[in-house]
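Along the sequence shown, residues are numbered consecutively beginning with 1.
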Amino acid sequence: MTFVFLLLVNGCSSSTNHLDGTEEERAYDALQLKGEWEQIVEKNAKQPTQSLPCHKVVRLALYRLGQAGEEAVFDCLSDAHEVLTNR
């Protein structure tokens, strides 16, 4: 992987400012900032998120755990504008 790709992967879920958003979005954001990928997947398995930003964090977590391919990250990046404007 290239350095640029890694930057994109790490920034994929950063569309949610941890000071803004819903309580659920803040919870997912805190988990991803700590790199708690397993907890993110478990949280979503217990109660699937309806939030687009949270869904992006779940995709990134699956990728980081090797449970999803690069397509998940590219899908995440391809509609980043939608995430940023989803309010």
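- In this structure, the side chain of Asn44 does not engage the main chain of His55 through any donor-acceptor pair within 3.5 Å.
- When all heavy atoms of Gln47 and Tyr28 are compared, the closest pair comes out as O-OH, 4.4 Å.
- Between the NZ atom in Lys56 and the CD atom in Glu25 there is a gap of 12.5 Å [rounded to 0.5 Å].
- Atom CG of Leu60 is separated from atom CD of Gln32 by 7.0 Å, given to the nearest 0.5 angstrom.
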Before giving the answer on side-chain contact (heavy atoms from CB on, under 4.5 Å), spell out for Leu62 and Val41 the whole-Å C-alpha distance, their side-chain angles and the decisive distance to 0.1 Å.
CA-CA 7 Å; Leu62 290 169; Val41 173; 3.7 Å; yes
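- Here Ile40 contributes atom CD1 and Leu65 contributes atom CG; the two are 8.5 Å apart, rounded to the nearest 0.5 Å.
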